[in-house]
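Taking it in order: structure first as structure tokens, then the write-up.
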Amino acid sequence: MAAATAVDRVVFALNGQRYEVAGVDPSTRLLEFIRTQTPFKGPKLGCGEGGCGACVVLIAKYNPKTDEVTEFTASSCLTLLYTLNFCSVITTEGLGNSRDGFHAVQERMSGFHASQCGFCTPGMCMSIFTSLINADKSNSPEPPKGFSKLKVSEAEKAFSGNMCRCTGYRPIVDACKSFASDVDLEDLGLNIFWKKGDKNPDLIKSSLDHLSSPCIAVSREGWYHPRSIKEYYELINSCLFSDSVKVVVGNTSSGVPGYKDQDLYSKYIDIGGIPELSNIIRRESGFEIGAATPISRTIEILEEECESTSSAKGSVVFRKLANHMSKVSTPFVRNTASIGGNIVLAQKFPFPSDIATILLGAGATVCLQVVAERRQITLEEFLEQPPIDATTLLLSIFIPQWIPDSGTKTSLLFETYRAAPRPLGNAVSYVNCAFLGHASVDEQSDTLVLSNLRLAFGAYGTEHAIRAKKVEEFLTGKALTASVVLGAIQLLRETVVPMEGTSHPEYRVSAAVGFLFSFLSPLSKCIPDPGKSLTSSSAGSADTDDVHNLPLSSRRETFSSDEYKPVGEPIKKYGVELQASGEAVYVDDIPVPKNCLYGEFIYSTQPLAYVKSIKFKSSLASEKIVSFVSAKDIPSGGQNIGSSFTFGDEPLFGYPIAEYAGQALGIVIAETQRYADMAAKQVIIEYDTEDLSPAIITVEQAVEKSSYFDVPPELYPKEVGDVSKGMAEADHKIPSTEVKLASEYYFYMETQTALAVPDEHNTLVVYSSTQYPELAQSVIARCLGIPFSNVRVITRRVGGGFGGKAFRSFQVATAAALCAYKLQRPVRMYLNRNTDMVMIGGRHPVKAHYSVGFKSDGKITALHLDLLINAGISPDASPIIPGTIISSVKKYNWGALSFDIKLCKTNNSSKSVMRAPGDTQGSLIADAVIEHVASVLSVDANSVREKNFHTYGTLQLFYPDSAGEASTYTLHSIFDRLVSTSSYLDRAESIKEFNSKNKWRKRGISCVPLIFKVEPRPAPGRVSVLNDGSIVVEVGGIEIGQGLWTKVQQMTAFALGKLWPDGGQSLLERVRVLQADTLNLIQGGLTAGSTSSESSCAATLQACNMLFDRLKPVLDRLQQQSENVSWDTLISQASKDNVNLSASAYWVPGQVSNKYLNYGAGISEVEIDLLTGAITLIRGDLVYDCGKSLNPAVDLGQIEGSFIQGIGFFVYEEYITNSDGLMISNSTWDYKIPSVDIIPKQFNAEVLNTGYHKNRVLSSKASGEPALVLASSVHCALREAIRAARVGFANSTVSGCSPLEFQMDVPAPMTVVKELCGLDIVEKYLERLSTYERVAGA
């Protein structure tokens, strides 16, 4: 029987080409197949969890029964290849490419400057394209020519599951909105389409005709596709099956941490083809949905049912279920994940399913097949059963149709809620609920009474979703007074009890209480309506009053300069269409060399221990191990070194002692990356801690043990003035007050990766995704004990870096090189996201204490800081951090400033530079002090800020080496401009009014200044003109998405364009920037600190000027013969005259111009929901001084992107470690970078052109990092909103403490916001109302 259901080959179309695949491992994912077996590289591996969207493809399925083609996006990293029989798959290359022409979506992404590093862009294009074709299938009226039926309101949801770490999403939204039929063209940001007309996106109709030949099933173990329930049970009962069999529909559970595959499977049973599992049966009493129906199809069915239901009230349950389900996971996971799979996962494991909870609330029942018997039971009974095994098949789910009783005056109530870190989904709920019941008026008391209640709660740290039956019984038939609602809530607290080990347990219970309160309070006459405070979390919200539903809008202003054309123009990014079409080559896209092997790290889970032995358990994955490489394999003469910088080295392997959890102990080598990753999970490590002192994990332990790194005296920051004198002059003092900032993970979209290829005579070529190829070369050579000249490191482009691809990239490049050197075969390493997060480290955590003295008018006279910085196990670049923290703190005039800074050495992964390192932490500390002073004096924080701004005189005192000339100090004018253009004062007043009128929603606004010290570094450049007049440029700087190549291209065209009457504009297309190669262009240096673009441009300009000097005499001679001399004629003649057409330069910044200051300011306005802590960013306004921008479009993208990344650090991203220091928030499920649904609803950014700056490169200033610091304005605005909340509930704060003063650390996600507003405010509020009721009743 098994032979009849076995499938030995799969036939499908990929970008129009027919593929017939046989004999492939059944566990092969579509992404792996596309990237290793086809020429296409568009879909990228970003997480392997369906959580980032980098791998999204379009799948078209043909249904012969209905003669319909359905098209949907899917995560190719989770989709098993064998599920695609007779499907058509399209990647971004299939939409358009450089040979056949680019698709409109790809052109818009390019023209709207919506791609920076470009790694996420192919997935974005596929999500937007699919949204367009699905919108055009709707019955909406035909759009105007050149537009789609997509609506502006749908644009931001078009790619709500796709993550981007570079752009801040705004330009991507604009690119998508530009297709919308109702778009206001004035609302679109900076782009190159001044003429908006563009052809309608040409819809790709999948050609499936040539796939209709039937697949011949041949008996072969591996993939089984039963066509009936009978066949399924025959398979299960056959002797073929053992533990290594997996039953699948969409296979999306393999992306969920805790439920991921821990070993390879040799056999899969795909039950998606069993007809009963896909049936949809409509009945009068409701409808039955087959268990294999995708979640997105279930949503469509529910929505169709709403439209067809005659009674509007009757469809309320279906509408709200659909709305809630659309917030589950990502669109491309919902398209393949089955509704039954979600429920089975919730039944077998403590999986925090939203769907199980809301269906429990809606009274769903399930149909099960248990061998020969079919059973109908309630979902509640199903969830309470012991975990099912393969002998039980979930066939369908029945959702009843709830209709209010027309005979009586009964109304139907149904609400669903979820508290989750992101509004639009792609985030697991902290708690979810669904409440259903009937309400009728009790004529005697004229109050509403409830009956038939179903109150379901889930995801709060429970085995499975439950009904709060005691609460249901308590509420039934009672008039809803404040004391009754209070009683229900007290009962609920006894019912909703998170299991031990659940994160944020008090928060989850408090949010559940808030949801029940918001459901019941509108039904009670005695409780003032909490208003619309909860519509945000309610799945049924479409309220325009709800700030979550405001459309995204933006104003972006830049100034272009004609002075140095094409420098200063907002031209699109170099090679950006190739990024959109998936043709841009990243390290993992380089074609696989012959005999290539793959490596994955094995790392320690202990912080300080001897490694006694490393073994592998017996498993299918362990059989795939080809070799194991460890410290013992380092050649004699080589060193155990994995990273290095000025301040010291870091070992490649923990040997013989593992010094921190996450340290590499060895590398598993296998034939594919997936085999290597899976084999690494099989490791069994034996540790021994005998004779070792306890590990130092915290900074407090480091202080106790005096475990510090030295900061060289020349790097230790300078104090200003006499603090004791300043304190003596103060009218008020705030003694030692603490503020803590946690770490942040880089979350570049492309994880750490390298490909090492052995070459002749003991040499190696290493392709590395690094910001510092020069140092990578030296670390690899030192590890192998060979000359530097034997190692060639090549870096073309990097899929996001943010500092994480600087020193932290060497480990992967060196490991790959060591393995290739030992095995004499090419070795590729591409870290999976979880390993990358555990091993690589991140931003420096800081614990600060400040003491401040100030006058009654807000003028600060003295500040003293005690800083503890957690540097981790090695110095890395940590000794520079004290200087950058203090530099950022100095943005205010503190009168006098002193500090004590300790750089703590701990047994944690090394912390390294991350975008605006130190400045980010210092700025927040400075503003926390300002806000604290303002709260003590009960004045507006902005008045205290302005009172303590620098004059030019004090600026020189605090920044003696970088203050520049008085004319360049633009902060006062920037701050004034921002306050006026953003209507700050009016908005601050309207926020006070809003807060006085809203009990359960509060708003805050804050304005933060920026002073950022920048230090350009030397850089090489080489410009060569070939005989046909084309130009190649090599620079030391690496293109990591910041537009470095674009600026270099512009600079080359400008400088050489002076030799041509048409100027530089015509030369742009002829400039090619080459990849970095450490043996071609030496002394390339480090790409970091926002200055590599200007340094590379300066070196390019120098080289071009040399060429100009050589070519000008040739031009002069030619012009004597003919007035118009073309570029080609000039170069041809110069070549004949033996002029050297290649010039190299090494630019070194002058002593005077070495350091300078950047200025900017940002205002953020936020709203918080006091019942859940949910945060909405209403508006952000930025003004930034770029000098004369080299490319305003590039600089604006950098400013917006870094600001949004900063919001992640200050608010959303929780870097959580266990007691051993091992990072446990190590997946897209647990670590939440900003997504499109959390960016400010209105986002205005302005790049100021502040004119001539004599020591800068063509008067330009840095843009990549400084604006990140302005995101602290969001944190400060949250503090203001929380302060308003605490004043509103002042009687419920800790006695003796002012509600205005509280410690708010970084990050401050919704759990922290809720905690600071009060976890028991609902109970306190109801207790007060109950007292009034009793008094009134008496």
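Separation of atoms CZ (Arg283) and CD1 (Ile399) is listed at 12.5 Å; rounding is to 0.5 Å. Between Thr416 atom OG1 and Ile358 atom CD1 the span is 6.0 Å, to the nearest 0.5 Å. Between Thr252 atom OG1 and Glu49 atom CD the span is 12.5 Å, to the nearest 0.5 Å. With rounding to the nearest 0.5 angstrom, the OG1 atom of Thr391 is 9.0 Å from the CG atom of Asn237. Taking OG from Ser296 and CZ from Arg334, the interatomic distance works out to 7.5 Å, rounded to the nearest 0.5 Å.
Side-chain atoms of Tyr830 come within 3.5 Å of backbone N or O of Leu45 as a donor-acceptor pair. Distance alone, capped at 3.5 Å, places no donor-acceptor pair between the Asn426 side chain and the Ser329 backbone. Between the Arg454 side chain and the Ala362 main chain, no donor and acceptor come within less than 3.5 Å of each other. Panel note: side chain Arg18, backbone Val11; no donor-acceptor pair is recorded below 3.5 Å. A side-chain donor-acceptor contact under 3.5 Å links Arg35 to the backbone of Pro43. Here the side chain of Ser622 pairs no donor or acceptor atom with the backbone of Ser618 at under 3.5 angstrom. A donor-acceptor pair is defined here as one N or O able to donate and one able to accept, closer than 3.5 Å; such a pair exists between the side chain of Ser76 and the backbone of Cys55. For the pair Gln347 (side chain) and Ile388 (backbone), a donor-acceptor distance under 3.5 Å is present. Without hydrogens or angle criteria, Lys41 side chain to Thr38 main chain gives no donor-acceptor distance under 3.5 Å. Between the Ser75 side chain and the Leu78 main chain, no donor and acceptor come within less than 3.5 Å of each other.
Between Arg418 and Ala427, the closest heavy-atom pair is NH2-O, 2.7 Å. Closest approach of Ala322 and Glu303 over heavy atoms only: CB-CG, 3.9 Å. The two residues Leu620 and Ser266 have their closest heavy-atom pair at CD1-N, 3.8 Å. Here the closest heavy-atom approach between residue Gly582 and residue Lys44 is recorded as O-NZ, 4.2 Å. Closest approach of Pro226 and Glu231 over heavy atoms only: CA-OE1, 3.5 Å. The two residues Ser127 and Val56 have their closest heavy-atom pair at OG-CG1, 3.9 Å.
Qualifying ring-ring contact (aromatic ring centres under 6.0 Å, His included) partners for Phe457, counting only residues two or more places apart in sequence or in other chains: Phe435. By the side-chain contact (heavy atoms from CB on, under 4.5 Å) test, Gln262 pairs with Lys260, Lys681, sequence neighbours left out. Residues passing the ring-ring contact (aromatic ring centres under 6.0 Å, His included) test with Tyr259 are Phe349, Phe351, sequence neighbours excluded. Listed by chain and number, the residues in a salt bridge (charged side-chain N to carboxylate O under 4.0 Å, His left out) with Glu300 are Arg297 (sequence neighbours excluded). Residues passing the side-chain contact (heavy atoms from CB on, under 4.5 Å) test with Asn251, sequence neighbours excluded: Arg29, Leu80, Lys246, Val248, Ser254. Shown here are the side-chain contact (heavy atoms from CB on, under 4.5 Å) partners of Thr378, two or more places apart in sequence or in another chain: Thr365, Glu380, Glu381. Shown here are the side-chain contact (heavy atoms from CB on, under 4.5 Å) partners of Ser131, two or more places apart in sequence or in another chain: Leu150, Ala158. Applying the ring-ring contact (aromatic ring centres under 6.0 Å, His included) test to Phe628 and every residue at least two apart in sequence or in another chain returns Phe616. Judged as a ring-ring contact (aromatic ring centres under 6.0 Å, His included), and not counting sequence neighbours, the contacts of Phe287 are Phe318. Asn595 is linked by a side-chain hydrogen bond (donor to acceptor under 3.5 Å, both in side chains) to nothing, counting only residues two or more places apart in sequence or in another chain. Applying the salt bridge (charged side-chain N to carboxylate O under 4.0 Å, His left out) rule to Glu373 yields the partners Arg375; only residues at least two apart in sequence or on another chain are considered.
A donor-acceptor contact closer than 3.5 angstrom is absent between the side chains of Asn834 and Ser1227. Side-chain atoms of Asp25 and Thr28 form no donor-acceptor pair, as typed in the model, at a separation below 3.5 Å. Residues Asp270 and Thr83 have side chains that never bring a donor and an acceptor to within less than 3.5 angstrom of each other. Donor-acceptor pairing under 3.5 Å is lacking for the side chains of Asn279 and Glu288. Side-chain atoms of Tyr460 and Asn432 form no donor-acceptor pair, as typed in the model, at a separation below 3.5 Å. Under the 3.5 Å distance criterion, with hydrogens and angles disregarded, a donor-acceptor pair is assigned to the side chains of Ser619 and Gln682.
Counting heavy atoms from C-beta outward, Met126 and Ile90 have side chains that approach closer than 4.5 Å. Residues Tyr268 and Ser27 are in side-chain contact: their nearest non-hydrogen atoms beyond the backbone lie under 4.5 Å apart. Residues Asn15 and Thr91 are in side-chain contact: their nearest non-hydrogen atoms beyond the backbone lie under 4.5 Å apart. With a 4.5 Å cut-off on side-chain heavy atoms, Val89 and Thr79 do not count as touching. Between Leu379 and Ile397 there is no side-chain heavy-atom pair separated by less than 4.5 Å. Residues Leu368 and Leu395 are not in side-chain contact: their nearest non-hydrogen atoms beyond the backbone lie 4.5 Å or more apart. Contact annotation: the side chain of Gln401 never approaches that of Glu284 to less than 4.5 Å [non-hydrogen atoms, C-beta and beyond]. Contact annotation: the side chain of Met499 never approaches that of Thr462 to less than 4.5 Å [non-hydrogen atoms, C-beta and beyond].
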Begin from the C-alpha positions of Asn832 and Thr751 and carry the test side-chain contact (heavy atoms from CB on, under 4.5 Å) through to its verdict. CA-CA 7 Å; Asn832 73 64; Thr751 58; over 6 Å; no
Run the side-chain contact (heavy atoms from CB on, under 4.5 Å) test on Phe332 and Asn162 for me, step by step, so that the C-alpha distance in whole Å, both residues' side-chain angles and the decisive distance to 0.1 Å come before the verdict. CA-CA 9 Å; Phe332 36 86; Asn162 293 71; 3.5 Å; yes
Set out, in order, the CA-CA distance, both residues' side-chain angles and the distance that settles salt bridge (Lys or Arg N to Asp or Glu O under 4.0 Å) for Arg674 and Glu32, then state yes or no. CA-CA 8 Å; Arg674 191 166 52 84; Glu32 182 185 357; 2.6 Å; yes
Assess the residue pair Gln369 and Tyr232 against the criterion (side-chain contact (heavy atoms from CB on, under 4.5 Å)); give the C-alpha distance rounded to whole Å, side-chain angles, the decisive distance to 0.1 Å, and a yes or no. CA-CA 11 Å; Gln369 184 81 30; Tyr232 170 77; over 6 Å; no
I'd like to know whether Met325 forms a side-chain contact (heavy atoms from CB on, under 4.5 Å) with Leu302, so could you lay out the CA-CA distance, the side-chain angles of the two residues, the decisive distance to 0.1 Å, and finally the verdict. CA-CA 10 Å; Met325 283 185 194; Leu302 289 164; 4.0 Å; yes
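Ring planes of Phe12 and Tyr19: parallel class, angle under 30° (limits at 30 and 60°).
Sequence neighbours left out, not one pair with a member in residues 366-394 passes ring-ring contact (aromatic ring centres under 6.0 Å, His included).
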